[in-house]
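So you know, we letter chains A, B, ... as the sequences are listed, proteins then strands, and number each from 1.
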Number of protein chains: 2
Amino acid sequence: MDIMAQSFPRKLALAEPLATIEEPDFELIELLFFAYRDFVGEPDRLLEKHGFGRAHHRVLHFVNRHEGLTVAELLEILEITKQSLARVLKDLVSGEFIEQRAGTEDRRQRRLHLTPRGKALAEALLGMQGRRIARAIEKADPASRAVIARFLSELIDPERPKPAVSETP
Amino acid sequence: MDIMAQSFPRKLALAEPLATIEEPDFELIELLFFAYRDFVGEPDRLLEKHGFGRAHHRVLHFVNRHEGLTVAELLEILEITKQSLARVLKDLVSGEFIEQRAGTEDRRQRRLHLTPRGKALAEALLGMQGRRIARAIEKADPASRAVIARFLSELIDPERPKPAVSETP
DNA sequence: AAATTATGTCAATGTTGTTGACATATTTCA
DNA sequence: TGAAATATGTCAACAACATTGACATAATTT
């Protein structure tokens with residue numbers, strides 16, 4: 001029996017004609033699990049060569065995407081505690097992947113920037129995930145991307161405010 | 001600046017007309033991250049009440065889906081080590097969520113079954129994820145589901161053989 | 001001057017993963 | 001039948017990544 005090759009009825013008609021109970025979509029639930037695992041698995045193997053883990057990846061990614069963001073902003077995005085970030089950030093700073101510069105307006109802030117080394121690693125990781133996505137999407141028609149993006153957006157808790165990220169001053 | 005509300009050029013034309021470099025699809029990459037986090041976050045909060053974590057969830061899920069599967073099969077699906085599973089399985093067995101029955105053909109095997117308690121928890125977790133998926137998909141047209149399933153399937157490493165799961169004898 | 005804010009750091013703890021070694025029961029094979 | 005292979009369990013040690021709570025420092029705001 002092939003674990004993935006099953007199809008399931010997703011609606012179950014009941015005695016009460018008004019109620020329609022949705023049967024959980026096992027296939028999509030499991031696909032999300034397996035897809036996400038492989039999606040992060042490939043980067044994991046590159047990170048390992050630097051002695052880094054997934055937490056380092058996330059920091060590199062969001063510093064790359066939002067150069068100069070503050071520590072507080074990064075904590076908000078990642079939804080982790082200061083201490084969890086501290087360990088990872090220390091590795092990245094001491095390994096010269098990230099540098100901290102005091103904010104110009106508010107000098108208490110430590111704004112985070114990638115060094116060339118950090119940029120290179122961040123881009124390598126990004127490339128892996130980007131190529132995987134591109135491969136997965138290129139066979140489908142162009143409208144698919146919007147459908148997928150919409151679906152993934154809807155999976156996100158609506159009450160979760162999208163964290164604001166400051167402009168680099 | 002809203003972290004999610006950006007759009008990116010996903011193709012970058014180069015000087016060489018033959019080469020088209022795909023710019024990584026930042027938006028989908030980040031959507032996968034945030035979507036997966038919330039997708040597992042809601043179950044996490046229920047599991048916490050039992051003192052369980054995500055590892056317990058995965059075991060409950062796959063035992064629910066494949067009643068009577070063996071320990072070896074579960075290890076293959078989860079791609080974790082025996083010891084990682086052992087701790088989690090011990091919690092679930094001692095808490096009477098899962099019971100182990102010696103295989104009828106091969107009595108070395110410990111085939112895993114949910115107790116009523118285990119079934120109830122597994123179904124509760126499944127319901128959460130099922131409803132989240134249903135909510136995310138119901139606004140889109142029916143063809144979307146196939147597009148999404150296809151996309152997620154393509155994200156999975158092709159060389160990964162789908163683990164075979166034995167029939168309950 | 002006092003309160004608040006941004007960040008850093010310390011200590012303790014928990015969950016989930018790893019490896020390697022070894023034990024036991026059972027089945028299969030020569 | 002006896003040896004080898006298999007399925008599982010268990011032990012010890014370790015690592016990554018998360019948590020909480022408390023406290024320290026520097027800078028900004030009130």
SB check R145(A) E27(B) (cutoff 4.0 Å): yes
Hey, is D44(A) close enough to R37(A) for a salt bridge, meaning N to O under 4.0 Å? no
Take the protein atom [atom1] of [X] and the nucleotide atom [atom2] of [N], then report the distance between them rounded to whole Å.
| X | N | atom1 | atom2 | answer |
| --- | --- | --- | --- | --- |
| H57(A) | dA16(D) | NE2 | P | 18 Å |
| R111(B) | dG9(D) | CZ | C1' | 18 Å |
| D44(B) | dA18(D) | CG | P | 13 Å |
| E73(A) | dT7(C) | CD | C1' | 13 Å |
| Q100(A) | dA26(D) | CD | C1' | 15 Å |
| L75(A) | dT5(C) | CG | C1' | 14 Å |

Could you run down the sub-3.5 Å N/O contacts of the protein with nucleotides 24-30 of chain C?
{"unit_1": "dT26(C)", "atom_1": "O2", "unit_2": "R108(B)", "atom_2": "NH1", "d": "3.3"}
{"unit_1": "dT27(C)", "atom_1": "OP1", "unit_2": "R107(B)", "atom_2": "N", "d": "3.0"}

Got a sec, which pairs hit side-chain hydrogen bond (donor to acceptor under 3.5 Å, both in side chains) with one end in residues 88-99 of chain B, sequence neighbours left out? H56(B)-D91(B), E99(B)-R101(B)
Determine the interplanar angle of the F34(A) and F62(B) rings, folded into 0 to 90°, and report it as parallel if under 30°, tilted if 30 to 60°, perpendicular if over 60°. tilted
Just the table, please: protein N/O against nucleotides 14-21 of chain C N/O, every pair under 3.5 Å.
{"unit_1": "dT16(C)", "atom_1": "OP1", "unit_2": "G53(B)", "atom_2": "N", "d": "3.1"}
{"unit_1": "dT16(C)", "atom_1": "OP1", "unit_2": "R54(B)", "atom_2": "N", "d": "2.9"}
{"unit_1": "dT16(C)", "atom_1": "OP1", "unit_2": "A55(B)", "atom_2": "N", "d": "3.4"}
{"unit_1": "dT16(C)", "atom_1": "OP2", "unit_2": "H56(B)", "atom_2": "ND1", "d": "3.3"}
{"unit_1": "dG17(C)", "atom_1": "OP1", "unit_2": "R58(B)", "atom_2": "NH2", "d": "2.2"}
{"unit_1": "dG17(C)", "atom_1": "N7", "unit_2": "R87(B)", "atom_2": "NH2", "d": "2.5"}
{"unit_1": "dG17(C)", "atom_1": "O6", "unit_2": "R87(B)", "atom_2": "NH1", "d": "3.2"}
{"unit_1": "dT18(C)", "atom_1": "OP2", "unit_2": "T81(B)", "atom_2": "N", "d": "2.7"}
{"unit_1": "dT18(C)", "atom_1": "OP2", "unit_2": "T81(B)", "atom_2": "OG1", "d": "2.7"}
{"unit_1": "dT18(C)", "atom_1": "OP2", "unit_2": "S84(B)", "atom_2": "OG", "d": "2.9"}

Shortest non-hydrogen contact between P24(B) and I29(B), atoms and distance: CB-CD1, 4.3 Å
Say whether, by atom type as modelled, one donor and one acceptor occur between the side chain of R117(B) and the main chain of G95(B) under 3.5 angstrom. yes
Should K119(A) and E67(A) be marked as a salt bridge (Lys or Arg N to Asp or Glu O under 4.0 Å) after you check the CA-CA gap, both sets of side-chain angles, and the distance that decides it? CA-CA 10 Å; K119(A) 185 75 179 174; E67(A) 276 281 331; 5.4 Å; no
So that I know where these two stand, are Y36(B) and F39(A) an aromatic pair - ring centroids less than 6.0 Å apart? no
